[in-house]
Structure formats: C-alpha cells, structure tokens
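Data first, discussion second: the structure below is written as structure tokens.
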Amino acid sequence: MDPIGIISTGIYIPESVMTSQEIAIQAGLPLEVVEEKMGIKQKPIPGKEDHTGEMGVRAAHKAIEKAEMDPSTIDVVMYIGEEHKEYPLWTAGIKLQEEVGATNAWAFDVAMRCGTTIMALKVAKSMMLADEDINTVLLAGGYRNGDFINYHNPRTRFMYNLGAGGGAIVLKRGHNQNRVRESSLMSDGSFSEDVVVVAGGTKNPLTIDNMDQYELDVLDPEGMKKRLEQKSMQNFLHVIRQALFKSGYSEQDIDYVAMLHMKRSAHAYVLQELGLTLEQSIYLENYGHIGQIDQILSLELAEEEGRIKDGDIIVLVSAGIGYAWGATVIEWGKPKAQSPV
C-alpha cells in the first residue's frame, strides 16, 4: 500500500488581535480568569479583508509555495473551513481551487465543526487509497466563528476563546515522509442542538425582529455541562488511544500532541492522562481557538520551535460542537526502521 504523506502545511494569522484585557472588560470577568482559567493571553481577530475562504486561500498559497509544487498537479481540493464564510449557499472549495491555480482538480466542502481537519485527513487518505487517479490533495480553509460571540452572554463563556485564521495541508500518495497513519472519530447526536445560532435558518428565519438572536448560544447550558462532564474527556482520550492502536502504536510512543485550544486545566489533564509533559504540546494561549485550524497551527509551531524530529509520533486531536471528537496519528519526517506498515 502506497504511503500517504504530508508534503507541506500553511498557516495564515490575521494581524489584528484581541487581548485578554479586552475580553475581560467586555465580559465583565477578572483578568486572571481569562488568562489562567480560560488560557487566553490574546487571540487573532479578522481584519476587513480576512474573510473565511480567503484566509484559507492565503494559507494554501503558503503551503504550495513551501512545497515548490505546480498547483495544476493537485487532483482534489477539499475546503475544510467553516460554514460561516463569504456567502451563504456557496461551495468555497471551488473558489479555493480557482485562486490557487488547481486547474486540473475537482473541489468540494466538508464540515464537522472543529473536528473538520481530522475528518478531512481520514476522508482524503481513504479517497487516495481507493482511487489511483487521486495522487495529490489540498485541504484548506479559514475560521472566524468569533463573529457570533456575544461577550455579555455567560452561556457562551467557553467560546470566548474563538479567534480567526486559515490553514492548509497538502497530501501526496507515495510520499514516505510525514506519513498519515490512522484516525479515530466519534460523534454524539445528543449534543447536536445544544450550541446553535438561533436565528437565520429555516426553523427561525432571520428578520429585523430577531437580529439579536443571530449569535451563538447554548440552549441548555446546565444539561450540556452535565452531559459533557460525563463524556468529553473520556471520548477525547478514547479517540487518541484508538488512533494509536489502529496505527500500531500506544500512548507510550507519543512524542507530541497537536491539540486544540481549550481551558488550561483540560489541556494539562489530557497530557497527564497520556503520561506526557507540558513540553510535548504547545498551549495556544496567544492564539485562542481557531477551530479546525488549531492542529495545523500547533504542528507548524512545533516544527518552528524544534519540538519534533524525524521518526516522532505525533497525534493531532480535536473536539467539535455537535459533539465530535477525533484524532489522527502522523509519523513525522522519515519513518523509523521498525515503523508499522
């Protein structure tokens, strides 16, 4: 079986930021709660031209340039950004294809909230293994769901970390470096309507009278919290361990975890349960939560800081509203001699 490897990644981060102090003032919270409990020192926010799909395009250009590749050799373009984008009812992947010059590709969009990158890696690898005509796949997209946050609504406090940015990954069949191993995904429909934008859909069409409901809200905050406490961390650890097992590894083999931004105590708990140190992950306190872009960002930061090397076993891990959990194992750089097939 031909290996599927990552040949490059790209990240775009807007220049504008919202500081922890600004969040604290708007939300009426002590600064130490924002910085220490929520784990936010600052987060990028979109500028005037930082549209969702466009941020994905910018990240994709960086990934393509880094790979020194001809974009016309890309076979499939997969948009992994958010549904909140330039236009409603719009396939952003086709615009992405046009903007990067992937003239011989076909394109589509996928969505699994903040679990989209993990899901897309699994889908892309499966497609490449099933269809010999698909040799190179571009995954790219942007995120700015912070537009829907009302800092005066305490029900959405756990989402005050939402930032903005774009990310991209290029996959290639037969690339025996940065090999994409196996993934594990879970979803639980009992949470499917806990967090929604109340107005704007077919259930509650947007009118002049319900504009104040065009924001993210939590419909059953106490019930959701109780159910998440029973399942979330358990499922988080399950997908990590399952992805490792399917890849022929165990948690003792992990060298680095590219984890989404969440409250500081939860980040530390996951590492502790896996027997890892704080140095084996990067806490994104200067970025907040850029949705499904977090794993790509963490991977790039780890590479820049020299935290990962050839043969390292890396786990990308996510959790998304809905609720979904996912993990993918990457064998970084050149594979170890004893690497599983």
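A quick note: this is a predicted structure, and the numbers were derived from the prediction, not measured.
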Does a salt bridge link [X] with [Y], judged by any charged N lying under 4.0 Å from a carboxylate O?
X	Y	value
D50	R58	yes
E300	K62	no
R227	D194	yes
R264	E285	yes

Taking the side chain from K263 and the backbone from G39, do they hold a donor-acceptor pair closer than 3.5 Å?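 Pair absent, no side-chain N/O of K263 close to backbone of G39.
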
Distance-only donor-acceptor check, side chains [X] and [Y], under 3.5 Å:
X	Y	result
E331	Y249	yes
Q252	S250	yes
T207	D209	no
E82	T52	no
D188	N235	no
T117	Q295	no

query = When clusters are formed from ILVMFWY side-chain contacts under 4.5 Å, directly or step by step, what else is grouped with V196?
reply =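 V198, L219, which link up through side-chain heavy atoms under 4.5 Å apart, make up the rest of the cluster.
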
I need the minimum non-hydrogen distance between [X] and [Y], along with the two atoms involved.
X	Y	answer
C114	S318	O-CB, 3.5 Å
R173	I4	CA-CD1, 3.8 Å
A327	A243	O-CB, 3.7 Å
Q234	Q230	OE1-O, 3.6 Å
G165	I293	O-CG1, 4.1 Å

Distance in Å, [X] [atom1] paired with [Y] [atom2], rounded so as to fall on 0.5 Å steps:
X	Y	atom1	atom2	value
I149	R157	CD1	CZ	12.5 Å
I64	H61	CD1	NE2	7.0 Å
I308	I313	CD1	CD1	11.5 Å
S16	Q42	OG	CD	11.0 Å
M69	L138	CE	CG	7.5 Å
E54	L96	CD	CG	10.0 Å

Would you kindly confirm whether [X] and [Y] end up in one hydrophobic cluster when ILVMFWY residues are joined by side chain heavy atoms under 4.5 Å apart?
X	Y	answer
V100	V110	no
Y79	V77	no
I254	F245	no
L31	V17	no
V315	I296	yes

Return the orientation label for the Y283 and H267 ring planes: parallel under 30°, perpendicular over 60°, tilted otherwise.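 Perpendicular, since the angle between the ring planes exceeds 60°.
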
Worksheet item: Using the ring of each side chain (for Trp, its six-membered ring), is W106 parallel, tilted or perpendicular to F108, with breaks at 30° and 60°?
Response: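 It falls in the parallel class, under 30°.
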
Does CG belonging to L129 count more than 12 external heavy atoms closer than 6.0 Å?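 Above 12, so yes.
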
Item to complete: Give a yes or no on whether K125 atom NZ has more than 12 heavy-atom contacts from other residues, nucleotides or ligands under 6.0 Å away.
Response: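 Yes - once you tally the heavy atoms of other residues, nucleotides and ligands closer than 6.0 Å, there are more than 12.
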
key: Verdict with supporting geometry, R113 and E83, salt bridge (charged side-chain N to carboxylate O under 4.0 Å, His left out)   = CA-CA 9 Å; R113 300 286 64 78; E83 292 180 4; 3.7 Å; yes

For residues [X] and [Y], determine if any side-chain heavy atom of one lies less than 4.5 Å from a side-chain heavy atom of the other.
X	Y	answer
F236	M262	yes
I7	N178	no
E303	W332	yes

Report task. Scan N145, D294, N161 and name whichever one has a side-chain hydrogen bond (donor to acceptor under 3.5 Å, both in side chains) with H289. Result ->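 When N145, D294, N161 are each tested with H289, the side-chain hydrogen bond (donor to acceptor under 3.5 Å, both in side chains) holds only for D294.
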
